[in-house]
K.L.:
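Input: one structure, supplied below.
Computed over heavy atoms, backbone and side chain alike; hydrogens, waters and symmetry mates excluded. Numbering of residues begins at 1 and proceeds along the displayed sequence. Keep in mind the model is a prediction, meaning the values are calculated, not measured. Just so you know, ligand 1 is whichever comes first in the structure, and atom 1 is the first atom listed for that ligand.
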Amino acid sequence: MAMETPREREIAAEDSIKVVCRFRPLNDSEEKAGSKFIVKFPAGGDENCISIGGKVYLFDKVFKPNATQDKVYNEAAKSIVTDVLAGYNGTIFAYGQTSSGKTHTMEGVIGDPNKQGIIPRIVNDIFNHIYGMEENLEFHIKVSYFEIYMDKIRDLLDVSKVNLSVHEDKNRVPFVKGATERFVSSPEEVFEVIEEGKSNRHIAVTNMNEHSSRSHSVFLINVKQENLENQKKLSGKLYLVDLAGSEKVSKTGAEGTVLDEAKNINKSLSALGNVISALADGNKTHIPYRDSKLTRILQESLGGNARTTIIICCSPASFNESETKSTLDFGKRAKTIKNVVCVNEELTAEEWKRRYEREKEKVARWKGKVDKLEVELSRWRQGETVKPEEQVNLVEAPDVTTPINVSVEGKLDDSPMPATPGGGLMIGSLSNEERQKLEEERERLYQQLDDKDEEINQQSQYVEKLKEQMDEQEELIASARRDYEQLQQEMNRIQQENESAKEEVKEVLQALEELAVNYDQKSQEVELKNKEQESMAEELLAKQVALNNTASELQQLRDMSAHQRKRIAEMLANFLKDLGEIGVAIGGESNENLKIAPPESNGKLEEEFTVARLFISKMKSEVKNLVQRCQGLESFQVDCNKKVSEYEKDLAEGRLLISQHEARMQTLAESMKEADARKRALEEDVDALREECAKLKAAEQMQAVTNKEKAEEKEAATKLRVALEEQMDQLRDAHQKQVAALRDELSQKQELISELKDLNQKFTLAHQQMQADYERLKQEEANKSVKLQELVLLNERREQARKDLKGLEDTVAKELQTLHNLRKLFVQDLQTRIKKTISAEDNEDDGGSLAQKQKISFLENNLDQLTKVHKQLVRDNADLRCELPKLEKRLRATMERIKALETALRDAKEGAMRDRKRYQYEVDRIKEAVRQKNLARRGPSAQIAKPIRAGQHHLSNVNAIRTGNRENECKNAFIDENKRIPAALMYNGYA
Ligand code: ADP
Ligand code: MG
């Protein structure tokens, strides 16, 4: 039947549902589990039978596990393309348990030439066919994509449509009302739509595998064509359905909502099963299409006007045997269903006229036949036997024209309802009126049903909206909860901080206590220090006095030293003078370089201390010089002495010589005189002798005379020398004595000088010592003053504390006073009572009064203890009161901290809010952009048709080529050149 073109078949034909069976290979898990391949494919050319467990099933076609997608398509689905393009309705649905290969068969891997399934191949083929058809045909193709889940129809091309209802059009053909329809003009567009639908399907669910195994997905391709020459319009709907898994619920082990779900899914599948059973059982008058939306949508496909192919998918594993069997049974039952197919044609007026003529002719023929039959009948009734030759041939029926599923209203009002085969029989037995009534009733009821459906749809949409709102609210709540948790955390943190602050307070209190203790210690120390200070002050005073004393002593000493110096100077001067004098006396050179600076006798100690020191050092050097000089002098003196003695000696010798010479001179003078006299005498003698004696005689005489004189002179000189020596000895003794005295004096002076030197040294040392002491004391004084200041500060603080304490003490004292008064009163009261009791029991009981006394003393003790406790309490109270302001301060700080934190938190929250808003805005923007894009992709409006002209070719036909439609390749190449989709042909949809 697939081979003949539908165009050739003008008549409505009964057409069995085609059932093909496909087995997939054993999958990994089945192989691992050791499942056996339990299906047998009996050898034979037809490949239409299988046997399982000895039971044989016959189908239109059986595909072995190794059957390729291409083979399955070519042998099970390809023919539907031509059918649909010829104006027939078509349906292909895959039935089978989960993972039996339904999706693999229907969809496969779109875009993969080998793995793509029926849907993409059909889509490509439809377009390729169109491109290859006559040019005067114009096509409008629109697609819808929805899924049925829990008996709710969810539009996969518009996520907001979550519960669409099924309505019947004017020809009683159910359709999904409000489902999005996309006009498409190329396979790529169709695939885009499929992708969009699939991604929408993914978005809505968490577990896609589970969801897809529990929902039916329906892809609808609606093809309308118009012959531009004769205005003939054909339309064909093609349902491509991937059913939910047909397995029993128990097997999946579903529970709770999943179980509900499964029941619901099974409900729709069992409704399908029921419909198929009812259809298979030719006697059933009522087909329960309305039991589920699935069966309503498939109403035309099952026993109606559609060419239907069911692909039953099975697993060959032994593990799935029962499921496989029930699937095969389902297929077997479905195979018996007969559909009544006819072309959906919208007739032109001329065509109608022709048809009308034809019908009229037919009616005339029928009428003739009826007349003949009536004649025959009347003859039979009259008891005649009509000969077989004369009988009207009942088999020979007048020509029956194709019942056309026209879309013009009211044209085919009483066309046979395929939904109720045999219904005519039943209706036939009813009267016309009843039939009319029943019809009306049914109409009304259907109308009501549709209304209810609509209502349900609205309600469910409302529910959906509410659900969305709920979700939003829940989200809000969740975010609020999160916020709350954050706040809680913050609170906890703050509390912890508070705790730590408390701890700190405790620590601070402890520190305070320690401080108090320290303070006591310090105050004691302060007292001690005060005492020390006083003693120090006293010491200082004493020292100062001592200093004064020493200063005065120093002054005195200085005076003394000045005095001494003066004296020394004087003495030295004297001494030098003496020495000089001595030198002078000795006759040596005077010591000119020995000069002593005149001491500044008027130097005042305080003012010219340095001068004094200088003076002292000068003095020292001078003294040293003096000593050196003394030494020099001594040696010089010794030398002098020596020289003196030498000189004395020389002097004596000189004097002796002088005196000798004087004496000689005298004697010589005398002798001269004598000689003169003698000369004269001699001259006279000479004169006389000369005359008488010669010269020799006179010389002899002269010599003799001189020798005599010399001896005499020697005697006189010795005498003189002795006298002189004596005189010299006397002089030497005196001199020596004088030198010894001087030496003694010198040594004495020396001693004095060294003593003075020592003294001076001592004084300098003492002075230095004093100065150091003075510095030290000064330093100490500075330290003391600093300490004193500190102490004063401490003292002030202590004073303050003392004042506070005093205040406290006052209050305590007051309270104590009141307590005391109370106590007194109490005691008085007691005493009076005791007295009373004593007077009352005076003579009665002495032991009793003793007991009373004991009691009193006990009470008094108690009172004392109480007083103590009270005091303690008062003290504690005071302490606490002291602590109170600090704690308050701390608390205030903590509060401020908390406030700061709160503001920070608020800020952070506001920031987060802002962020969220921004994010929301961003998301909205993106959504809007995506929507715009989608809109742009979809074209200006969902309602604008994109007509496709036969013989034309759309932009890309890669897929067509890929699918192996080799015969189209050259055609496509040709079409590519003539690519044209007239814009003028764009017009609003025909829906
Ligand atoms: P269903 O849609 O019925 O739940 P699927 O189509 O998703 O099952 O198939 C389940 C798995 O088995 C998939 O991984 C699929 O690729 C694989 N499969 C199904 N049929 C075949 C087959 N005929 N050949 C190879 N693999 C198959
Ligand atoms: Mg699937």
K.L.:
Nearest heavy atom to atom 10 (C) of ligand 1: which of Pro65, Ala94, Gly96, Ser99 does it belong to?
P.N.:
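Shortest heavy-atom distance from atom 10 (C) of ligand 1: Ser99.
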K.L.:
Under a heavy-atom criterion of less than 4.0 Å, does Cys313 contact ligand 1?
P.N.:
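Under 4.0 Å: no for Cys313.
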K.L.:
Please classify the Arg22 to ligand 1 contact at 4.0 Å (heavy-atom distances, strictly less than): side chain, backbone, both or neither.
P.N.:
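Looking at Arg22 and ligand 1, just side chain atoms fall under 4.0 Å.
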K.L.:
When you check the gap from the basic side-chain N to the acidic O, do Lys71 and Glu47 get nearer than 4.0 Å?
P.N.:
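Yes, this pair counts.
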K.L.:
Do you know which two heavy atoms are closest between Ser51 and Val56, and how far apart they sit?
P.N.:
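Smallest heavy-atom distance, with atoms named: CB-CG2, 3.9 Å.
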K.L.:
In the protein, which heavy atom is nearest to atom 12 (O) of ligand 1, and how far is it?
P.N.:
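Nearest neighbour among protein heavy atoms for atom 12 (O) of ligand 1, to 0.1 Å: Arg24 CD, 4.2 Å.
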K.L.:
Which residue owns the protein heavy atom closest to atom 25 (C) of ligand 1, what's the atom, and how far is it?
P.N.:
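Among all protein heavy atoms, the one nearest atom 25 (C) of ligand 1 is Pro25 CD, 3.7 Å.
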K.L.:
Does any N or O atom in Lys102 lie less than 3.5 angstrom from one in ligand 1, N or O only?
P.N.:
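N/O-N/O distance below 3.5 Å exists for this pair.
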K.L.:
Identify the protein heavy atom lying closest to atom 6 (O) of ligand 1, giving its residue, its atom name and the separation to 0.1 Å.
P.N.:
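Answer, as residue, atom name and distance: His104 N, 2.7 Å.
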K.L.:
Looking only at side-chain N and O atoms, does Asp242 offer a donor or acceptor that is under 3.5 Å from a partner on Thr103?
P.N.:
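Result is yes, a qualifying pair exists.
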K.L.:
With a cut-off of 2.8 Å, does any N, O or S atom of Thr103 fall short of it relative to the Mg ion (ligand 2)?
P.N.:
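Of the N, O and S atoms in Thr103, at least one lies under 2.8 Å from the Mg ion (ligand 2), which means yes.
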K.L.:
Under 4.0 Å from a heavy atom of Thr98: which atoms of ligand 1 are those, numbered in the order shown and with their elements?
P.N.:
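Those qualifying, in numeric order: 4 (O).
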K.L.:
Say whether Thr308 and Lys18, considering side chains only, have a donor N or O and an acceptor N or O under 3.5 Å apart.
P.N.:
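Short answer, no.
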K.L.:
So, Glu168 and Arg290, do they make that salt bridge, N to O below 4.0 Å?
P.N.:
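Looking at Arg290 together with Glu168, the answer is yes, because their closest N to O distance falls below 4.0 Å.
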K.L.:
Which of the atoms in ligand 1, numbered in the order shown and given with their element, are less than 4.0 Å from a heavy-atom of Gly101?
P.N.:
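The list of qualifying atoms is 1 (P), 3 (O), 5 (P), 6 (O), 8 (O), 9 (O), 19 (C), 20 (N).
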K.L.:
Once you restrict to heavy atoms under 4.0 Å, what part of Ser213 touches ligand 1? Side chain, backbone, both or neither.
P.N.:
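No part of Ser213 is near ligand 1 at this cut-off.
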K.L.:
May I ask you to check whether over 12 heavy atoms, not counting those of Lys152, lie within 6.0 Å of atom NZ?
P.N.:
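No, because the 6.0 Å sphere around NZ of Lys152 holds 12 heavy atoms or fewer from other groups.
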K.L.:
Does one side chain, of Asn320 or Gln97, offer a donor that lies under 3.5 Å from an acceptor on the other?
P.N.:
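Present: a donor and an acceptor within the cut-off.
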K.L.:
Nearest heavy atom to atom 7 (O) of ligand 1 wins, so pick from Asp28, Thr103, Leu243, Thr68.
P.N.:
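Closest candidate by heavy-atom distance is Thr103.
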K.L.:
Heavy-atom distance from atom 17 (C) of ligand 1 to the protein below 4.0 Å?
P.N.:
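Neighbour list for atom 17 (C) of ligand 1 is empty of protein heavy atoms (cut-off 4.0 Å).
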K.L.:
Between the side chains of Asn344 and Asn89, is a donor N or O closer than 3.5 angstrom to an acceptor N or O?
P.N.:
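There is such a pair between these side chains.
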K.L.:
Would you mind running through ligand 1 and noting each atom that sits below 4.0 Å from a heavy atom of Gln97?
P.N.:
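Counting from 1, the qualifying ligand atoms are 3 (O).
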K.L.:
Any protein heavy atom at under 4.0 Å, with atom 23 (N) of ligand 1 as the reference point?
P.N.:
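Yes, because at least one protein heavy atom sits under 4.0 Å from atom 23 (N) of ligand 1.
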K.L.:
List the atom of Ile118, the atom of Ala77, and the distance in Å for their closest heavy-atom pair.
P.N.:
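Heavy atoms only, the tightest pair is CG2-CB, 3.8 Å.
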K.L.:
For the residue pair Ala278 and Pro288, what are the closest heavy atoms and their distance?
P.N.:
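So the minimum-distance heavy-atom pair works out to CB-CD, 4.0 Å.
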